[in-house]
Amino acid sequence: MTIPSKLAGTGFKEADTGVKLRILVGVEALEKEGKTHFALTAPGPLAVFDFDTGMEGVVHKFAGKKKIYVSDYRRLGNVMTNTPENWVLLWEKFKREYIAAMDAPEIRTVVLDTATEVWELLRMARFGKLTQVMPYHYGPVNAEYRELIRKAYASGKNLILLHKMKDEYVNDKRTGQLKRSGFSDTGFLVQVNVRLWRDEDNNFHLYVKDCRQNPDANGMDLMNDMANFPTLATIVFPGTEEGDWG
């Protein structure tokens, strides 16, 4: 179908009615509550950026079943002992590898473990510190981080952003609640946000906080063997099967 004549020569084009079977997931959880395990249930081959220690004791459960490529960033060292130049070099290294993973046709899923530390790395590279930065300085940095997420949309790959959690404060007072630690706009940019947690009986839960793709999924609580990426994906994209996401 041609576009209206008045729109000819403009940037308008007819909307694409196709659906890309890929998911961008924002994950939040406390330590040892299943973040890395959940991520590794996603379709392989996977490209994992390891900023944490969550891979230890977990990756071996999956490595024999699917290809998992890991880039190790755990040796970043203490913030106070690294030069500003080193932080810039580390960020540029990460960006090169991230773009390479997104451009590699063999890779189906990219994992940031954790995206909390990726956001800290970007801030260290651009500001040299994590605190006492004026809000108006954040414009270019926010745009740079958003571009990483948009790259995933364009690539057609799954992107799993694992986040630590921190205490929530209002007017410098702790509310008693926890919130995601990392880039504040992540929740708006991804397709689905989930919270992982473990109850007093040691059952693992995957709670769907919100899902743009399928709002009927909001509030769902998947437990134990159902708390995995393929099951979540079939809920986000009704009509698909777990085999489509294995």
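Because the structure is a prediction, the values reported are computed rather than measured. We number each residue from 1, following the sequence as shown. Only this structure's heavy atoms are used, side chains among them; waters, hydrogens and symmetry mates stay out.
Between E120 atom CD and F51 atom CZ the span is 10.0 Å, to the nearest 0.5 Å. Rounding to the nearest 0.5 angstrom, the gap separating the CG atom in N218 from the CD1 atom in I235 is 11.5 Å. Summarising the geometry, atom CD1 belonging to I107 is positioned 11.5 Å from atom CG belonging to D103; distances are rounded to the nearest 0.5 Å. Separation of atoms CG (D50) and OG1 (T36) is listed at 7.5 Å; rounding is to 0.5 Å. If you take CZ on R150 and CD on E147, they are separated by 6.0 Å, rounding to the nearest 0.5 Å. With rounding to the nearest 0.5 angstrom, the CD atom of E168 is 6.0 Å from the NZ atom of K179.
Relative ring orientation between Y98 and F49 is described as tilted, the plane-to-plane angle lying within the 30° to 60° band.
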Worked verdict on F62 versus L46 for side chain to side chain contact (heavy atoms under 4.5 Å, CB included): CA-CA 11 Å; F62 298 91; L46 294 92; over 6 Å; no
Step-by-step side chain to side chain contact (heavy atoms under 4.5 Å, CB included) determination, V48 to L40: CA-CA 9 Å; V48 181; L40 297 182; 4.2 Å; yes
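Heavy atoms only, all atoms of each residue included: V236 and N214 are closest at O-CB, 3.5 Å. Closest approach of C211 to V192, counting heavy atoms only: CB-CG2, 4.0 Å. Across R22 and N158, no two heavy atoms sit closer than the pair CA-OD1, 3.3 Å. Counting all heavy atoms, side chain and backbone alike, H163 lies closest to S181 at CD2-O, 3.5 Å. Nearest approach of L161 to V190, heavy atoms of both residues: CD1-CG1, 3.9 Å. When all heavy atoms of A42 and I160 are compared, the closest pair comes out as CB-CD1, 3.7 Å.
Between the side chains of Y69 and E106, no donor-acceptor pair is found at a separation under 3.5 Å.
Under the side chain to side chain contact (heavy atoms under 4.5 Å, CB included) criterion, N142 pairs with W119, Y138, R146, F183, sequence neighbours left out. For N203, the side-chain hydrogen bond (donor to acceptor under 3.5 Å, both in side chains) partners are D199, N224, not counting sequence neighbours. Scored by the side chain to side chain contact (heavy atoms under 4.5 Å, CB included) test, A29 finds E33, K35, L196 as partners (sequence neighbours excluded). With sequence neighbours excluded, no residue satisfies side-chain hydrogen bond (donor to acceptor under 3.5 Å, both in side chains) with S184. Residues meeting the side chain to side chain contact (heavy atoms under 4.5 Å, CB included) test with T131, sequence neighbours left out: none. Applying the side chain to side chain contact (heavy atoms under 4.5 Å, CB included) rule to T240 yields the partners L21, T234, F237, D244, W245; only residues at least two apart in sequence or on another chain are considered. Residues forming a side-chain hydrogen bond (donor to acceptor under 3.5 Å, both in side chains) with W91 (at least two apart in sequence, or on another chain): E144.
Without hydrogens or angle criteria, D172 side chain to Y169 main chain gives no donor-acceptor distance under 3.5 Å. Panel note: side chain K61, backbone H37; no donor-acceptor pair is recorded below 3.5 Å. K151 places no side-chain N or O within 3.5 Å of a backbone atom of I99 that could act as its donor or acceptor partner.
The closest side-chain heavy-atom distance from T186 to Y145 is below 4.5 Å. Residues L90 and L121 have side chains in contact (heavy-atom distance under 4.5 Å, counting atoms from C-beta outward).
By the 4.5 Å side-chain criterion applied to Ile, Leu, Val, Met, Phe, Trp and Tyr, Y136 is assigned to a cluster that also includes M134. When hydrophobic residues (I, L, V, M, F, W, Y) are linked wherever their side-chain heavy atoms come within less than 4.5 Å, M223 remains an isolated member. The hydrophobic cluster containing M165, built from Ile/Leu/Val/Met/Phe/Trp/Tyr side-chain heavy atoms closer than 4.5 Å, also comprises L30, L178.
Connection of F188 to V141 is not established within any shared hydrophobic cluster, with ILVMFWY side chains joined at heavy-atom distances below 4.5 Å, either directly or through further cluster members. A single hydrophobic cluster is seen to contain both M124 and V133, as judged by linkage of ILVMFWY side chains at heavy-atom distances under 4.5 Å, directly or through other members. In the hydrophobic cluster analysis, where Ile, Leu, Val, Met, Phe, Trp and Tyr join through side-chain heavy atoms closer than 4.5 angstrom, V59 is grouped together with F229. Note on L206: it does not cluster hydrophobically with W197, by side-chain heavy-atom contacts below 4.5 Å among ILVMFWY residues. Residues F127 and V88 are members of separate hydrophobic clusters, defined by side-chain heavy-atom contacts under 4.5 angstrom among Ile, Leu, Val, Met, Phe, Trp and Tyr.
Sorted by first and then second residue, the salt bridge (Lys or Arg N to Asp or Glu O under 4.0 Å) pairs with a member in residues 206-217 read E28-K209; sequence neighbours excluded.
By the neighbour-count criterion of 12 heavy atoms within 6.0 Å, atom NZ of K67 is sparsely surrounded, having that number or fewer from other residues, nucleotides or ligands.
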Show the atom names and distances, to 0.1 Å, of all donor-acceptor pairs under 3.5 Å that link a side chain in residues 3-13 to residues at least two apart or in another chain.
residue	atom	partner	partner atom	Å
T10	OG1	L7	O	2.5
T10	OG1	F12	N	3.2

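At a threshold of 4.0 Å, the pair E31-R198 does not count as salt-bridged, since none of the basic side-chain nitrogens sits closer than that to a carboxylate oxygen.
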